[in-house]
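Just dropping this structure here.
Read the numbers this way: they start at 1 and go in the same order the structure lists the ligands and their atoms.
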Amino acid sequence: MKIGIVCYPTFGGSGVVATELGKALAKEGHKVHFITYSQPSRLDFLNENLFYHEVDFHSYPLFEFPPYELALASKMVSVVKNEKLDLLHVHYAIPHASAAYMAKQILKSQGITIPVVTTLHGTDITLVGKDPSYEPVVTFSINESDGVTAVSHDLKKETFQHFNITNEVEVIPNFIDLEKFKKQKKDHFKKAICPNGEVLIVHTSNFRPVKRIPDVINVFANIRKEIPAKLLMIGDGPERSPAEKMCRELGICDDIRFLGKLEAVEEVLSVADLFIMPSEKESFGLAALEAMACEVPVISTNTGGLPELNVQGVTGFLSNIGDIEDMTRNALFILDKDNLSGFKQNALSRAQEFDISRILPVYEAYYQKIMERI
Ligand code: GMT
């Protein structure tokens, strides 16, 4: 197949899923064309089946906001036509699904049919999409897509709750490449971070308010009162500076390091004992799956799609949003030396259920079904 993939090329989860899906499809022999405004961060190598088309949008003094969606739609039209694509797969509804609708209509006027699959990732529905300033366009473009997938059952449920959806929504969960995300021998790294045998706790996110960064710090501060522990914070975003200030005020800076946007997250996860994800909303929790693949148990909230990934009392624990005391209790239970290795093994076994080799054929079959239908 010749597939066009549209996504945000940044560090966000939806961009990572889109890029890894494209890479896996290319490995299977499909020709995959990425259409984005910059090179996706995990696509920095040469492969005969992978192509990249940059969306060029020009500014003009009249535009306070350059019309990216129009430039994207125009690029989709040209790539579909010139590369003779069979299908467009857009990740994250805003504005990719509506841009794809426009491209599809332009192509139709020229006698070209292109099926469009939209994958809903989370905040495009739960946070941004349902806002009245976007809702009518999101509803319309979901209903006009030829295929719609959601990364969890909970996200599918939320989509039907918040929008007037007349289309079918198929759940295809996110996946992990276990060749990349696996526990590596990094003992020297662990020694450098935890010289006195402290337990190592990790948090990864884009540091947005929805991730509840203060809860990460508070749970860690509680754990640290009971056992020697260190915390590594990976990623960056608006909540980072307030979090650093909070650490200073709590006097725990020496035990916390902010590492910023790291490429090789799996190296850090390889030496971690526990992963914390206290999010307010989380449609899937890809960062938690990455941790589990590296044998790291997870303390999370019970929101969104997290219960579909993290299994209570098996791969970790789930608490109500903001329940710091419960998260602390659960963390200390997991970190007990009699329990830790069991949780680590369970985390890996669960992650294996999301291996890309299991999910890729599901996407391929779905594409086939959509192409046959139109
Ligand atoms: O919130 C993020 O981490 C970014 C966002 C995105 O679209 O890039 O993530 C969403 O999509 C990820 C990939 O499907 C999911 O794993 C995340 O759970 C989801 N984030 C939220 O729902 C808050």
Side-chain angles (χ1 to χ4, degrees), residues 5-22 24 36-38 40-42 89-97 117-131 134 138 148-159 161-162 169-177 181 202-213 215-216 233-240 261-262 265 275-293 298 300-310 318 321 350-351 354 356 359 362-363:
I5 291 188
V6 178
C7 64
Y8 283 108
T10 49
F11 279 82
S14 60
V16 169
V17 169
T19 312
E20 293 299 330
L21 176 62
T36 66
Y37 59 78
S38 72
S41 51
R42 292 191 183 182
H89 186 176
V90 304
H91 290 258
Y92 205 91
I94 307 168
H96 302 149
V117 170
T118 298
T119 289
L120 309 173
H121 278 273
T123 49
D124 47 351
I125 295 299
T126 59
L127 220 64
V128 193
K130 70 179 192 195
D131 188 282
Y134 297 112
V138 174
V148 184
T149 77
V151 298
S152 64
H153 290 278
D154 186 79
L155 183 60
K156 174 177 174 175
K157 197 180 86 201
E158 288 241 16
T159 306
Q161 256 166 21
H162 297 302
V169 177
E170 180 103 352
V171 175
I172 304 184
N174 284 336
F175 49 81
I176 189 89
D177 179 356
F181 283 90
V202 172
H203 171 78
T204 316
S205 76
N206 51 18
F207 285 63
R208 307 246 159 226
V210 72
K211 303 293 175 180
R212 294 185 67 98
I213 302 297
D215 289 5
V216 179
M233 301 285 277
I234 303 174
D236 214 331
E239 293 291 295
R240 176 170 167 176
K261 289 177 182 169
L262 266 194
V265 179
F275 187 82
I276 307 192
M277 181 174 259
S279 307
E280 179 103 33
K281 285 189 187 302
E282 203 66 66
S283 67
F284 181 85
L286 185 65
L289 175 57
E290 291 177 346
M292 288 159 71
V298 173
S300 74
T301 45
N302 51 18
T303 187
L306 285 170
E308 295 169 48
L309 174 67
N310 191 14
L318 303 98
I321 296 163
R350 180 78 178 133
F354 296 88
I356 184 137
I359 309 296
V362 181
Y363 268 115

(Q) Side chain or backbone, does V17 bring an N or O within less than 3.5 Å of an N or O on ligand 1? (A)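 No, since none of the N or O atoms of V17 sits under 3.5 Å from an N or O of ligand 1.
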Q: Compare every heavy atom of V169 with every heavy atom of A150, then report the nearest pair and how far apart it is.
A: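 Distance-wise, the nearest heavy atoms are CB-CG1, 3.8 Å.
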Q) Knowing that exactly one of R208, R212, K211 qualifies, which makes a salt bridge (Lys or Arg N to Asp or Glu O under 4.0 Å) with E282? A)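 The passing option is K211.
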Q) Between atom CD1 of I234 and atom CG of D236, what is the distance when rounded to the nearest 0.5 Å? A)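 Separation between the atoms: 12.0 Å.
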Q) Can you check whether L286 has an N/O within less than 3.5 Å of an N/O in ligand 1? A)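 Yes, at least one N or O pair falls under 3.5 Å.
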Q | Numbered atoms of ligand 1 (with element) below 4.0 Å of N174, judged on heavy atoms | A |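 This gives 13 (C), 14 (O), 16 (O) as the contact atoms.
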(Q) Can you tell me if G285 contacts ligand 1 (heavy atom of the residue under 4.0 Å from the ligand)? (A)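 Judged by the 4.0 Å heavy-atom criterion, G285 does count as contacting ligand 1.
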Q: Have a look at R208, E158, E282 and point out the one with the heavy atom closest to atom 17 (C) of ligand 1.
A: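 Minimum heavy-atom distance to atom 17 (C) of ligand 1 goes to E282.
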(Q) Please compare G13, S283, G122 and report which has the shortest non-hydrogen distance to atom 15 (C) of ligand 1. (A)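 It is S283 that holds the nearest heavy atom.
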Q) Short N/O distance, under 3.5 Å, between S14 and ligand 1? A)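 Yes.
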Q. How close do A93 and V138 get, heavy atom to heavy atom, and via which atoms?
A.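 It is CB-CG1, 4.4 Å.
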Q) What do we get for K281 next to ligand 1 when only non-hydrogen atoms under 4.0 Å count, side chain, backbone, both or neither? A)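 It is the backbone that gets close, since no side chain atom is under 4.0 Å.
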Q: State whether K156 and E170 are salt-bridged, where the test is any N-O pair (Lys NZ or Arg NE/NH1/NH2 against Asp/Glu carboxylate O) under 4.0 Å.
A: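 Salt bridge absent between K156 and E170.
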Q: Could you tell me which atoms of ligand 1, counted from 1 in the order shown, lie closer than 4.0 angstrom to a heavy atom of N206?
A: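 Every atom of ligand 1 under 4.0 Å from some heavy atom of N206: 1 (O), 2 (C), 3 (O), 4 (C).
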Q. Nearest heavy-atom pair of P40 and T19: which atoms, and what distance?
A.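 Looking at all heavy atoms of both residues, the shortest contact is CB-OG1, 3.6 Å.
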Q) What are the atoms of ligand 1, with element, lying closer than 4.0 Å to any heavy atom of G12? A)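 It comes down to these atoms of ligand 1: 8 (O).
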Q: Report yes if the distance between the aromatic ring centroids of H96 and Y8 is under 6.0 Å, otherwise no.
A: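 Yes, ring centres under 6.0 Å apart.
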Q: Carefully, step by step, assess S152 and S283 under the rule side chain to side chain donor-acceptor pair (under 3.5 Å).
A: CA-CA 6 Å; S152 64; S283 67; 5.2 Å; no
Q: For T123, counting its heavy atoms only, list the atoms of ligand 1 lying under 4.0 Å from any of them.
A: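 Near T123, meaning under 4.0 Å from one of its heavy atoms, ligand 1 has 23 (C).
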Q) Can H91 be said to touch ligand 1, with heavy atoms closer than 4.0 Å? A)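 No, H91 has no heavy atoms under 4.0 Å from ligand 1.
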**Q.** Location of contacts on Y92 toward ligand 1, heavy atoms closer than 4.0 Å
**A.**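 For Y92, only side-chain atoms sit under 4.0 Å from ligand 1.
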(Q) For P173, run the side chain to side chain contact (heavy atoms under 4.5 Å, CB included) check against I359, T149, V151 and tell me which one passes. (A)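 It is I359, the one option of I359, T149, V151 that forms the side chain to side chain contact (heavy atoms under 4.5 Å, CB included) with P173.
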